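Read through the structure below, which is laid out as structure tokens, and then see the notes.
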Amino acid sequence: MRGVPAGALLVACLLAVVRPTHAHDAPSLHPPELLSRVEPAYPSAALRNGESGQVVMLVEVRADGTVGEVEVVQSAGEHLDAAAVLAVQQWRFTPASVDGHAIPIRMRVAQRFELPTLDGPLVPAVVAPHQGSGATPPMHAHPGEPPHRHDVPDSPEHHHPDGTPPHDDQHTHTHTHAAPEPASTLTELVLPATLPTPTVFGTRVSGRRVGPPRSGSDFTLDADVMNVTLTQDGSELLRAVPGIYVARPDGFAVAQEIFLRGFDASHGQDLELSLDGVPINQPSHVHGQGYADLAFLIPEAVLSVRVQEGVVDPRQGDFATAGSAAFELGRKKRGIHMKLTAGSFGTFRLAMVGAPEGLSEGTLVAAQVRGTQGFGDNRGGLSGSALGQLDVDLPSGWMGRMMLGAHGARSNLAGVLRRDDVDAGRVDFLGSYSDPSASAQSALAGRALGSLKLVRPSDGGSFTMAQGWVQLAQSRLRQNNTGYTERSIERPDWVGRGDLNEQANLDLGTGGRMAHRLPWFRPLPFLQLAAEAGMQFRTDVIQQSVNLLQAPQNETWDRRLDAQVLGADVGAYVDVELRFTPHLRVMGGGRADVLLYDVDDRLGNSTPAFRQADNIRGYRRTALGLAMGPRMTLEMAPVLFLPAYVAYGEGYRSPQANQLEEGENAPYTKVRNLEAGLRIKDPALAGRFTLTATAWLTTLSQDLAYDPTEGVVQKLGPSSRRGVALVLDARPTPWLLAYLSATYVNATLDAPPPGNAENPTPAYARGQLLPYVPPLVLQARLGVNRVVTRAFGSPVAVRAGLNGQALSARPLPYRQWSAPVMLWDLSAGVALGPVDIGVDVQNLLDARYAQSEYVYSSDWRTTEVPSRIPARHTAAGAPRMVLFSLGVQL
Amino acid sequence: MRRVAWLGSVWAAVSLGASACGGEAQTQVDYPVRVQGTAQSTITVDAWTVTFTRAEMALGPLYLCTTAAPSADQCSEPLQELASAVPVDLLSAQPAEARLRGFTGNARSAQFDYGVTWRATQSRPTALSASPQGHSAVFEGRATQGSRTFTFRAEVDVVTNRQGEYAVGSYRVQGDQLDGSTPLTITADPSQWWTLVDLDELAALGQDHVTLAPDSRASLALAFGMNTSGRPRFEWRTSPP
């Protein structure tokens with residue numbers, strides 16, 4: 001079926017079934033031919049209510065080819081009826097004609113909506129399986145939001161190849177696909193009874209179950225939004241999240257840094273990241289709590305990301321302090337896709353995705369390899385990833401999903417530079433210190449994961465789900481942020497050998513989750529109720545060490561940490577949905593997690609060298625904590641296109657295990673999040689414009705801040721964030737997308753940081769801003785993708801994308817501010833049949849900017865007497881890069 | 001490009017406005033430090049009268065720390081610093097001036113060198129250019145007790161005995177520097193140092209002129225006075241007492 005445009009097939013179907021009519025009646029009768037169709041989206045309200053059924057409509061096709069009256073003759077409920085009518089009203093035909101005269105005609109269209117079959121934080125999608133090269137790729141796919149139009153090229157090859165009515169074929173096709181799909185609908189177009197033979201053609205529109213929005217900051221980002229411009233790994237997909245700033249200053253093999261909603265989430269400590277239920281964050285990672293490297297994700301294999309900012313959903317677990325982001329693998333375009341990208345600084349990327357025809361959009365295999373020489377000294381890197389996912393049908397209504405993945409990366413690190421050295425010309429902004437200890441900086445990362453998920457959907461939105469996963473994650477990071485300041489603890493006379501700090505972390509994690517959701521029922525005449533109970537658990541066996549190395553031979557000259565951490569997190573939640581009217585809904589419940597730690601700190605109880613004969617070092621300790629809290633959402637919609645949300649949730653962030661003391665109780669960070677939001681959809685334009693406004697207050701009982709001198713996070717004290725955000729999702733036409741957001745956050749420290757011997761009473765001022773977090777973030781994503789002509793028998797589509805991001809000045813310690821940043825990326829390309837060529841320009845204006853900036857003390861031996869006062873250090877962002885790409889879709 | 005520049009300017013202005021909210025506990029300061037002696041050219045040591053013709057020293061680098069713990073390891077990020085050495089004429093009433101820079105806060109301890117450093121990255125102690133003739137201090141003068149008299153030249157090197165630390169590793173001070181408006185005055189009193197010198201022993205040498213090398217007992221005694229028993233006095237005040 002590949003290569004046959006969807007529209008072609010539709011028209012072929014029409015003509016095929018009409019053909020007998022021509023044989024028996026007047027040969028001058030010509031049925032209408034479909035020029036363009038709009039795929040109905042599975043309404044989000046219907047998805048979350050578990051509504052399904054078939055909508056049958058009588059559709060008037062006017063003499064000008066537009067759709068006139070639409071009458072629902074068989075209802076499947078308010079939401080499904082509305083979605084079906086909304087879609088078909090936007091279809092366009094060549095009119096039916098008799099003897100060459102256009103006539104109005106009535107047709108019967110049956111639209112079947114099937115319940116989604118996979119659970120969880122799944123996201124909606126639209127698939128047109130017959131969509132071929134002639135169809136404009138769908139630009140968006142939100143349930144209950146703008147439908148999806150597909151232009152249907154008018155060409156002879158649209159006819160069914162064998163001229164037979166494709167009804168059975170289509171049904172077979174649909175069911176073959178539908179089984180592993182979360183949801184699907186079948187559109188049947190039937191010529192009216194006045195015509196002798198009903199015409200049947202099918203398209204398949206699949207939707208994925210997505211839970212109801214829990215707040216105004218509950219977004220589902222589809223591939224169209226995320227891939228407006230070039231994306232090369234999973235972290236770059238996140239750049240579409242409203243209010244986010246994602247940087248990767250340390251190359252391929254070190255996790256990205258994330259700033260979101262006033263949080264310096266560092267390498268992931270404040271953002272719960274998961275891939276189809278498999279957690280990506282690593283607890284108690286030696287380099288940073290919640291360390292989560294998204295480099296293993298292959299953008300072409302990511303279908304969508306559901307981002308819930310704030311703590312609002314009982315399913316959100318550890319690290320969901322700023323929010324959570326759930327990635328979903330899948331690919332709408334089936335077949336094999338290959339893409340080669342190459343350009344500035346020896347950068348290249350080769351990616352492949354295989355999405356078997358006839359299987360669900362979740363079934364795929366993908367691989368990529370990336371490399372670069374880097375835009376400055378010591379920045380080269382190489383990485384490779386492979387992902388696979390298979391959806392299968394199982395007996396007794398069960399469905400299975402197996403996911404496998406592996407990733408490896410190594411990169412050199414340029415490290416950070418003192419700004420005074422850069423300003424004085426002692427080192428280039430894009431360069432690196434020539435010192436051996438700086439040149440020896442590098443990182444290695446590896447990950448392997450596997451997951452098996454079983455789901456049995458039932459009527460009324462009910463389902464039972466179980467999932468188990470295992471993953472092994474390794475990282476070895478050699479960084480020198482401070483130059484030559486360290487003294488050996490093991491041998492106190494050893495000093496000045498370079499602060500090349502090697503952190504190694506090997507985490508074998510296993511976990512799983514189960515959930516059961518009851519079908520909707522009506523305990524009272526005015527109340528519908530659904531409930532879900534679930535559990536999640538994970539255990540981690542973590543080996544971690546920190547050593548100081550002397551370059552260039554990397555001899556160990558001090559040992560700072562050698563520990564084994566056993567950690568467990570067992571959580572359970574209850575989630576209830578109460579639907580009083582279509583305009584009032586209450587959602588929420590509670591969640592409790594038990595956190596368990598057993599730390600074997602082999603270098604603990606370190607004693608002075610002269611006393612080391614008195615005992616054997618080591619400090620074994622255990623700790624347990626219980627985190628509990630409610631998550632509630634009130635959704636009010638005085639009119640259906642104007643839902644308003646008020647949400648409150650309490651979440652937690654697990655502690656860094658190697659900072660625990662014996663018997664500590666409940667050492668987690670408590671997060672409280674209060675949020676109000678309003679979502680405005682334009683009903684007259686079928687929801688093609690969605691404006692979301694939110695305001696929130698988030699407090700943390702104990703915040704963490706990255707300490708670049710040690711390369712770890714340190715306790716900072718309680719903090720709060722007050723923010724507002726505006727998000728506009730505009731898709732005025734099927735080929736144009738605009739996604740704009742503005743976020744302002746006032747992030748403050750609410751009490752003095754904990755004192756220590758070095759600084760017993762840290763300075764504090766009321767309203768003190770949290771460092772490194774940009775208060776204002778503006779984002780703009782514009783995308784165009786349209787078939788403009790035909791050449792060599794194939795459609796020619798052009799695409800262009802512009803991604804802009806502006807960060808306000810970021811507060812730094814000591815009342816200093818980083819410079820504001822404005823970045824633009826541009827993408828353009830043209831597709832001819834299966835071939836796509838493009839060019840991408842990153843950092844279009846060649847802005848000279850710091851990806852990250854810190855203030856601390858260092859000594860790089862660049863002056864006679866180096867300053868020990870905390871100084872600004874920067875990690876340079878990439879200059880303008882031009883990348884060319886060649887893609888082939890087979 | 002003009003439009004791009006205009007856009008950048010607008011964004012910088014918006015950014016500045018957005019960033020205006022919020023307080024900050026510590027701000028940068030850059031304020032004077034005055035280093036002086038007692039300007040006494042004649043002192044009495046036991047029964048000896050010592051008259052200096054030259055008394056010079058270097059002070060610095062100097063670091064002020066928030067820690068009160070008597071440990072050199074507890075000051076990884078000083079509050080304020082003088083990242084150089086300043087030459088001081090201990091006989092002059094005019095103090096040597098330099099500037100401390102850093103951040104506001106409460107200084108509870110200090111660590112400093114007398115112009116000779118042995119940083120972690122130096123293989124051996126090294127004199128800074130401000131040090132008098134490559135030493136921490138140089139004294140020249142005459143000692144007299146009755147009929148006994150001799151001239152002397154003392155070269156003093158005050159050096160840490162541990163690489164990567166300071167001659168004075170941790171010295172309790174107390175000074176709140178809230179806005180950089182209060183200068184620091186450091187007063188060194190050579191008479192305290194010279195009380196540790198056994199002048200009778202030097203006189204017993206029977207020489208008219210005695211040259212005291214840095215490793216001589218007398219110079220080591222002076223060094224002990226400078227880094228231990230007779231450390232300079234640190235005062236934050238706006239005018240002389």
Side-chain angles (χ1 to χ4, degrees), chain A residues 482-487 492-498 709 744 746-749 752 756-771 774-776 778 806-817 819-822 845 847 856-857 859 861 863-870, chain B residues 1 4 7-8 11-29 60-61 63 65-69 71-85 100-106 108 111 113 117-123 126 128-129 162-165:
Chain A
T482 51
Y484 290 83
T485 65
E486 293 290 338
R487 177 179 297 280
D493 289 336
W494 291 0
V495 67
R497 300 188 179 204
T709 61
Y744 174 77
N746 182 236
T748 58
L749 191 64
N756 53 36
E758 181 164 351
N759 194 357
T761 55
Y764 170 72
R766 186 176 176 81
Q768 182 172 330
L769 295 178
L770 288 168
L776 183 61
L778 304 181
L807 310 177
S808 68
R810 284 175 273 175
L812 303 173
Y814 311 111
R815 201 176 283 178
Q816 299 183 64
W817 293 86
V821 174
M822 184 180 291
L845 303 181
Y856 61 89
S857 178
D859 175 7
R861 305 191 292 189
T863 56
E864 183 189 21
V865 180
S867 170
R868 289 177 51 206
I869 293 294
Chain B
M1 290 305 290
V4 172
L7 198 60
W11 174 238
V14 170
S15 168
L16 201 63
S19 309
C21 306
E24 178 59 58
Q26 288 179 281
T27 59
Q28 290 179 298
V29 291
Y63 305 95
C65 311
T66 53
T67 180
S71 166
D73 298 333
Q74 296 294 344
C75 188
S76 60
E77 293 193 339
L79 189 67
Q80 294 147 15
E81 72 175 5
L82 167 63
S84 61
L100 280 169
R101 69 181 190 87
F103 308 103
T104 55
N106 187 357
R108 299 184 182 86
Q111 50 187 212
D113 282 321
T117 63
W118 194 12
R119 298 198 312 276
T121 53
Q122 293 173 314
S123 58
T126 304
L128 300 179
S129 56
R162 195 178 191 205
Q163 184 183 5
E165 294 190 357

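Everything quoted here is computed from the prediction, not taken from an experiment. Chain letters run A, B, ... following the sequence lines, proteins first and then strands; every chain starts at 1.
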P61(B) versus chain A, the contacting section by heavy-atom distance below 4.5 Å: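 Just its side chain gets close to chain A.
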
Using non-hydrogen atoms only, which part of L128(B) is less than 4.5 Å away from chain A: side chain, backbone, both, or neither? both

Heavy-atom pair with the smallest gap, counting every atom of S867(A) and A83(B):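 It is CA-CB, 4.4 Å.
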
Under 3.5 Å, side chain of R119(B) to main-chain N/O of R861(A), donor-acceptor pair present?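 Flag not set: sc R119(B) to bb R861(A) has no pair under 3.5 Å.
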
Determine the option with the most heavy-atom pairs under 4.5 angstrom with chain A, choosing from A85(B), G164(B), A120(B).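 The answer is A120(B).
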
Just give me the residue among R101(B), E81(B), Q122(B), R108(B) that pairs up with chain A most often, heavy atom to heavy atom, under 4.5 Å. E81(B)

Relative to chain B, which of G498(A), P870(A), G496(A) shows the most heavy atom pairs under 4.5 Å? P870(A)

Which answer fits P866(A), side chain, backbone, both or neither, if we ask what part of it has an atom under 4.5 Å from a heavy atom of chain B? both

Straight-line distance of E864(A) CD to T126(B) OG1, nearest 0.5 Å: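 Output value for this atom pair is 9.0 Å.
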
